[in-house]
Amino acid sequence: MNQRPTAAGTNKLWGGRFDQPPNELFYQFQRSFPFDRRLLPYELAVDRAWALAIEKVGILSSSETQQILAAIDAIAERAESDPSWLDLSPAEDVHHFVEIALVERLGPVAYKLHTARSRNELVATDFRMFVKDAAQDVSRGLVALITALVGLAERTMGVPLAGMTHLQHAQPVLFSHFVLGHAEAFFRDLERLSTARHTADTCPLGSGALGGCAFPVDRGALAKELGFSHISANSLDAVGDRDFAVDYLYALAGLAMHISRLAEDFVLFASQEFGYVLLPDEYSTGSSLMPQKKNPDAWELLRGKTGRITAALISILVTLKGLPSSYQRDLQEDKEPLFAAHDQALAVAQIAAGAVSATHINPARLLAAAEDSALLATQAAHYLVHRGLPFRQAHEVVGRIVREAERARESWTAMPLSKLKSFSPLFESDLGRELTLESALASCDVPGGTAPARVREALAGCRARLEQWTRSIG
Ligand code: ARG
């Protein structure tokens, strides 16, 4: 039977000064255990470190410490093997849950563990540990996504794309160049995630409820034991600071926005009008009504997830705005949106990586579109510049040629040289050689440009950066 946990008799954490037990509805309303139980592994790690720290200052004897450590291990094992134990617990939060479980096993000596510490610093510490691990997991997912993009860029090397701005034909680029453009955005997300990991890497333990610890615990040793690089500098700030969560959610919102833009390109390119990419069966769905349909649902859902991931960032910013110094219970609202955004972001990175890997292109359609003569207009202007005409004038000349061709309903690249010379005497018979898709591509020969040699260079660069990231993420 799934009994609903109730408030009665559970408020041992703070009940001393109260005449009445909490209102049942309010008790349920204020409980965080249903979601902060996810922090249990971190809470138990913090409890182990704390037991050792207060043993050193003489609060626990060594046999009490050993008893507490053994009980913590037993709690970890049971929580792992019997999740329904947690479902039925009436605990207010994860800290309370551990205390109840310890007291059940050890009796009153268990209460000693909570000496000189506060749930305010516990939750801040647990949550920081969660965010550090979470950012690492999502970073691994991102590395897989970038690897998939680099793989696609490699498989499609040499295929041109009608590059667009304002969704209008602009200049030719390599399809691989377009793909690697998306990879760059995800590299920036890795940087942001690493910033979030860094901001979270400070240990608040020893801050007490707000003023610091009244016993001389070794804060540096506690931090080190829990894998933190730094200790917090101010106890008031430490219990009320959630900037690490903001940084993490900002990184996730950026990642979601980038995936959404990638998704939009693929949805467009898979439409019949473009036909540049083929939708992989494994990442598409059909229509229950129209038998011919194959829909880009994976990309659409990836694009759609951006709303709720971004909402989590707004949610925490609004929760934090206007809070007075130190801990306020509003801060409990930090966890649910962050957990949800993390779960979604992890799934989004994974699915996007799979969809990219499974995507094939239609080189014939890409080539046909890239052969649009309009894409060579800039190249023609540059031809005139190379022959001494100031660019603004060259732009004007080619603009007039294109307009004339449009009026005559013909391709301007098919105009005879004699006619082109009437627009500018600088046009010569070598123009035909210069005005090709290949020469237009090859001309953007600067680092970061779309010339094939540069794109091959960029591919190698991406591979090297991926290796570095893999090493640094661990
Ligand atoms: N459940 C609380 C939270 O998530 C833990 C800290 C509670 N502290 C307190 N003084 N009520 O923020």
Side-chain angles (χ1 to χ4, degrees), residues 14 25-39 42 92-95 118-135 138 188-189 191-212 228 230-260 304-346 348:
W14 41 259
L25 210 55
F26 169 64
Y27 184 74
Q28 298 305 337
F29 175 75
Q30 60 97 44
R31 284 179 80 218
S32 54
F33 190 59
F35 51 88
D36 70 14
R37 56 188 270 178
R38 188 164 179 170
L39 297 176
Y42 303 109
E92 185 173 309
D93 54 30
V94 66
H95 326 290
S118 157
R119 286 184 292 165
N120 300 352
E121 60 185 328
L122 290 181
V123 75
T125 308
D126 296 355
F127 201 30
R128 281 173 176 273
M129 290 170 78
F130 175 89
V131 166
K132 281 172 68 183
D133 282 351
V138 173
R188 289 194 292 278
D189 293 329
E191 297 284 355
R192 287 184 189 154
L193 285 168
S194 136
T195 300
R197 278 167 74 191
H198 176 74
T199 336
D201 197 15
T202 289
C203 184
L205 274 190
S207 297
L210 77 166
F228 284 101
H230 315 277
I231 59 170
S232 53
N234 179 296
S235 58
L236 266 170
D237 174 54
V239 294
D241 166 31
R242 294 294 183 271
D243 287 1
F244 60 96
V246 173
D247 284 355
Y248 184 49
L249 287 171
Y250 176 60
L252 296 188
L255 157 61
M257 176 268 287
H258 290 146
I259 289 192
S260 175
K305 298 286 184 191
T306 316
R308 52 166 133 176
I309 296 176
T310 310
L313 172 64
I314 307 300
S315 165
I316 193 157
L317 287 171
V318 176
T319 297
L320 293 174
K321 182 211 169 282
L323 287 188
S325 299
S326 90
Y327 182 83
Q328 321 295 326
R329 192 64 184 276
D330 315 44
L331 290 171
Q332 181 168 296
E333 292 297 316
D334 57 1
K335 283 174 275 304
E336 282 169 292
L338 187 138
F339 289 156
H342 165 74
D343 292 340
Q344 291 295 328
L346 202 56
V348 154

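Fair warning: this is a prediction, and the values are worked out from it, not measured in the lab.
For residues 194-212, the side chain to side chain donor-acceptor pair (under 3.5 Å) pairs, not counting sequence neighbours, are K132-D201, T199-D247, D201-S229. Listed by first then second residue, pairs satisfying salt bridge (charged side-chain N to carboxylate O under 4.0 Å, His left out) with a partner in residues 233-242 read R128-D241, R242-D334, not counting sequence neighbours. A side chain to side chain donor-acceptor pair (under 3.5 Å) check over residues 311-321, counting only residues at least two apart or in different chains, returns nothing.
Here the CE-CD1 distance, from M257 to I259, works out to 11.0 Å after rounding to the nearest 0.5 Å. Between the CZ atom of F33 and the CG atom of L39 there is a distance of 10.5 Å, given to the nearest 0.5 Å. One distance of note links CD1 of I309 with CG of L255; it measures 6.5 Å at 0.5 Å rounding. With rounding to the nearest 0.5 Å, the separation of CD in E333 from CG in L320 is 11.5 Å. Atom NE2 of H230 sits about 11.5 Å away from atom SG of C203, to the nearest 0.5 Å. A distance of 6.5 Å separates CG of L205 from CG of L122, quoted to the nearest 0.5 Å.
Ring pair F130/F127 is parallel by interplanar angle, where below 30° counts as parallel and above 60° as perpendicular.
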Contacts table for residues 337-345: side-chain donor-acceptor under 3.5 angstrom, sequence neighbours left out:
from, atom 1, to, atom 2, distance (Å)
H342, ND1, Y248, OH, 2.8
D343, OD1, R38, NH1, 3.4
D343, OD1, R38, NH2, 2.7
D343, OD2, R38, NH1, 3.0
Q344, OE1, K305, NZ, 3.2

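Heavy atoms of other residues, nucleotides or ligands lying less than 6.0 angstrom from OH of Y250 number 12 at most.
Without hydrogens or angle criteria, Q332 side chain to Q30 main chain gives a donor-acceptor distance under 3.5 Å.
Inter-residue side-chain proximity for M129 and F228 is flagged as met; some heavy-atom pair is nearer than 4.5 Å.
Every salt bridge (charged side-chain N to carboxylate O under 4.0 Å, His left out) that D189 has, sequence neighbours left out, goes to R192. Residues passing the salt bridge (charged side-chain N to carboxylate O under 4.0 Å, His left out) test with D93 are R119, sequence neighbours excluded.
Annotation for S235 and G211: closest pair OG-C, 3.2 Å, computed over non-hydrogen atoms. In plain terms, the two heavy atoms of G208 and N120 that are nearest each other are O-CB, 4.4 Å. For the pair V131 and A200, the tightest heavy-atom approach, listed with the atom from each and the gap, is CG1-CB, 4.1 Å. In this structure, L210 and V239 approach most closely via the heavy-atom pair CA-CG2, 4.2 Å. Between L331 and S326 the shortest heavy-atom distance is CD1-O, 4.4 Å.
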(message) For a side-chain contact (heavy atoms from CB on, under 4.5 Å) check, start with the C-alpha distance between L317 and V246, then their side-chain angles and the critical distance, and finish with the verdict.
(response) CA-CA 7 Å; L317 287 171; V246 173; 3.9 Å; yes

(message) Before you tell me yes or no, could you show the steps for V94 and D126 under side-chain contact (heavy atoms from CB on, under 4.5 Å), namely the whole-Å CA-CA distance, both residues' side-chain angles and the distance that decides it to 0.1 Å?
(response) CA-CA 10 Å; V94 66; D126 296 355; 4.3 Å; yes

